[in-house]
Each structure stands twice: as C-alpha cells, then as structure tokens.
Amino acid sequence: MNYEDTGVELSRYFSVSGKIVGTIKVSTEKMLKIKDDDLCILFITKNGLGKKVKLSEFSKIVDYKVGIGLNDGDELASVIFAFDKRGKDLIICTNLGDGVRLKISDIKTLSRMAKGTRLMDLKEGEYVVNSCRIKPKQKYLFYVTSGGRFKLTETKFFPVMERKDEPVSLISLVGNETLVGVSSVSLSDVAIVYRKNSESERIRMKDVKVTTRIAKGEKMIKT
C-alpha cells in the first residue's frame, strides 16, 4: 500500500481480542514443524511476569491461540522469538528507565495457558515497555525516549543479572518523558523512528552519542 493509506483491518484474517503489541517474523513454515525444544517464544507482561513457550505449541493455528495467562490488570508488553539453550541474554526495560539483563535460559518454559514467573520487581507507577535479545555481534544498546532523546551505551557495561536482583537505571529521563525501548545495534545500523502524528525519521547509529548507562539521551527529533 502507499505510505498514507490507512491499512487493512487484521480482523479480516483472524479474531482480534485486546490490542496488538507485537509481531514475530518466522523465517519459514519449516520452523513451525521442527521438533526442537530450543525454539521458543518469550512472553513478558507489563507487570514484569514472563515465560517461554515452545514454538511447536503454535504449529497448528486455525484462528488464534492463547499464549499466556494474565492476572487482573496485567497486559502483554513484549513478545520475542528466541532460542532456549542457544540463546544469549535478554534486556527488559520499563517506562521509568530501569531494566534487567537476564539469561534467556534462566526463564522458565511453561505451557501456553500458564501465567509467567516474576522476572523483575517494579516500583509504583512503573511497567514494562519493551524487551530485546542481545545479539553477540552488536556491541551497543540503543535507547529511545518519548521526548525524542537517543543514546548508545556499550553492552559490556550492562552485566548479566539474576531474577532476584534489583533493576538498574538504564537512562536518566527529563521531565515527564518515559523510556520507549532499548534495542541491540551496531554502529552501521539505521533506525526508523515513528511518531503518532507526524512522519517518520531515520536515525543513523553513527550519529548517536555513545555515553554512560545512567546518562541522559541527546535530543535528536522534535516531539
């Protein structure tokens, strides 16, 4: 479709309940048929609960299948395709700029209908906004705030943690802005930043300042 076109309602293809928070790219149909316990989907909720579900449990979907049970007042915040035993680390971040770095293998594998286990403790008014897999060849973390501030930090300065550990500060926020998300990147990458009421902008990683983990981001786009 063209850039300005509204798009097609996804309910034309499957039943939609709640709101969509993410999509997963599956390379081929063969992946859904592989009987390999290492292939899984990671579900993480706004209240800091999470689990892995074997990808094989979603091999035959007529319409839709429940991926995770939710407590009252909780919502799905992030969904990621991952490898259980071959996978590396995962970063979970919150609206207040805090986060944890956990080993994917330390997160429990449960059934589709089960609720997750607690992956991080949250403060009042805090909720999970994003998670990302750390890719070994991508040495930087890219931070995006609601105020249009960006920064890079070197991944090596964010150590792997245990589930019982206190979250650490990932970025200093300005005013009422929130952290939108974190992504594993290389300096050769380009990010496309989408805003609700205006056109997107391209941000080259080599133009983003590399700084410390608790530093503020640099204002690079108007919001």
Side-chain angles (χ1 to χ4, degrees), residues 22 24-25 38-44 48 50-52 77-108 118-123 126-174 177-194 201-221:
I24 295 179
K25 176 185 176 182
D38 201 27
L39 299 172
C40 63
I41 298 177
L42 254 168
F43 293 90
I44 300 172
K51 70 174 183 179
K52 294 183 303 231
S78 175
V79 56
I80 296 177
F81 174 76
F83 293 95
D84 188 356
K85 304 175 183 64
R86 287 174 284 170
K88 296 296 182 179
D89 304 334
L90 170 80
I91 287 181
I92 306 171
C93 62
T94 74
N95 61 314
L96 299 185
D98 295 335
V100 294
R101 177 176 177 177
L102 304 174
K103 288 187 176 182
I104 292 176
S105 58
D106 289 343
I107 300 174
K108 289 185 177 181
R118 181 155 299 282
L119 301 183
M120 65 183 299
D121 291 323
L122 303 173
K123 295 177 285 192
E126 187 173 27
Y127 54 87
V128 172
V129 294
N130 174 254
S131 65
C132 75
R133 286 183 292 116
I134 296 179
K135 302 173 184 177
K137 294 183 180 181
Q138 296 180 324
K139 299 181 179 180
Y140 296 90
L141 294 174
F142 175 52
Y143 300 80
V144 179
T145 76
S146 61
R149 297 178 187 273
F150 309 132
K151 76 168 186 176
L152 292 174
T153 61
E154 292 188 64
T155 305
K156 65 182 180 181
F157 294 124
F158 190 176
V160 178
M161 306 163 66
E162 302 289 338
R163 285 197 293 125
K164 64 179 183 296
D165 292 341
E166 288 288 328
V168 298
S169 177
L170 300 182
I171 187 171
S172 295
L173 299 173
V174 179
E177 74 175 343
T178 60
L179 179 62
V180 173
V182 178
S183 184
S184 178
V185 300
S186 300
L187 291 181
S188 59
D189 289 338
V190 175
I192 302 178
V193 181
Y194 295 92
E201 293 195 33
R202 297 171 66 88
I203 303 295
R204 299 185 302 175
M205 293 301 103
K206 62 182 181 180
D207 294 334
V208 180
K209 185 176 181 180
V210 179
T211 185
T212 61
R213 181 168 51 78
I214 60 174
K216 297 177 183 178
E218 181 181 3
K219 184 81 170 180
M220 296 186 68
I221 64 172

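Excluded from the calculations below are hydrogen atoms, water molecules and symmetry mates; all remaining heavy atoms, backbone and side chain alike, are included. Just so it is clear, the model here is predicted, and its values are computed rather than measured.
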Side chains of [X] and [Y] in contact at under 4.5 Å (non-hydrogen atoms):
| X | Y | result |
| --- | --- | --- |
| F158 | L141 | yes |
| L90 | I44 | yes |
| L152 | L187 | yes |
| E218 | T211 | no |
| I80 | S131 | yes |
| M220 | V193 | no |

Taking atom [atom1] of [X] and atom [atom2] of [Y], what is their separation to the nearest 0.5 Å?
| X | Y | atom1 | atom2 | answer |
| --- | --- | --- | --- | --- |
| D89 | D106 | CG | CG | 9.0 Å |
| E166 | K123 | CD | NZ | 9.5 Å |
| K206 | Y140 | NZ | OH | 13.5 Å |
| F142 | D189 | CZ | CG | 10.0 Å |
| Q138 | M205 | CD | CE | 10.5 Å |
| I92 | L42 | CD1 | CG | 8.0 Å |

Say whether, by atom type as modelled, one donor and one acceptor occur between the side chain of [X] and the main chain of [Y] under 3.5 angstrom.
| X | Y | value |
| --- | --- | --- |
| N130 | V182 | yes |
| K88 | P136 | no |
| T155 | K139 | yes |
| K151 | T212 | yes |
| S186 | S188 | no |
| K135 | S184 | no |
| R133 | F81 | yes |
| K52 | I104 | yes |

What are the two closest heavy atoms between [X] and [Y], and how far apart are they?
| X | Y | result |
| --- | --- | --- |
| F157 | R213 | O-NE, 4.0 Å |
| N95 | Y127 | OD1-N, 2.8 Å |
| C93 | L179 | CB-CD2, 3.7 Å |
| S146 | E177 | OG-CA, 3.3 Å |

| said: Assess the residue pair R101 and V168 against the criterion (side-chain contact (heavy atoms from CB on, under 4.5 Å)); give the C-alpha distance rounded to whole Å, side-chain angles, the decisive distance to 0.1 Å, and a yes or no. | reply: CA-CA 9 Å; R101 177 176 177 177; V168 298; over 6 Å; no
Within a 6.0 Å radius of atom [atom1] on [X], are there more than 12 heavy atoms belonging to other residues, nucleotides or ligands?
| X | atom1 | value |
| --- | --- | --- |
| K219 | NZ | yes |
| R204 | CZ | no |
| I214 | CD1 | no |

| message | Using the rule given for side-chain contact (heavy atoms from CB on, under 4.5 Å), can you reason through V100 versus L119, listing the C-alpha separation, both sets of side-chain angles and the distance that settles it, and then say yes or no? | response | CA-CA 9 Å; V100 294; L119 301 183; 5.7 Å; no
| field | V208 vs V185, side-chain contact (heavy atoms from CB on, under 4.5 Å): CA-CA, chis, key distance, verdict | value | CA-CA 12 Å; V208 180; V185 300; over 6 Å; no
| message | side-chain contact (heavy atoms from CB on, under 4.5 Å) for K216 and I171? Distances and angles first, verdict last. | response | CA-CA 6 Å; K216 297 177 183 178; I171 187 171; 5.7 Å; no
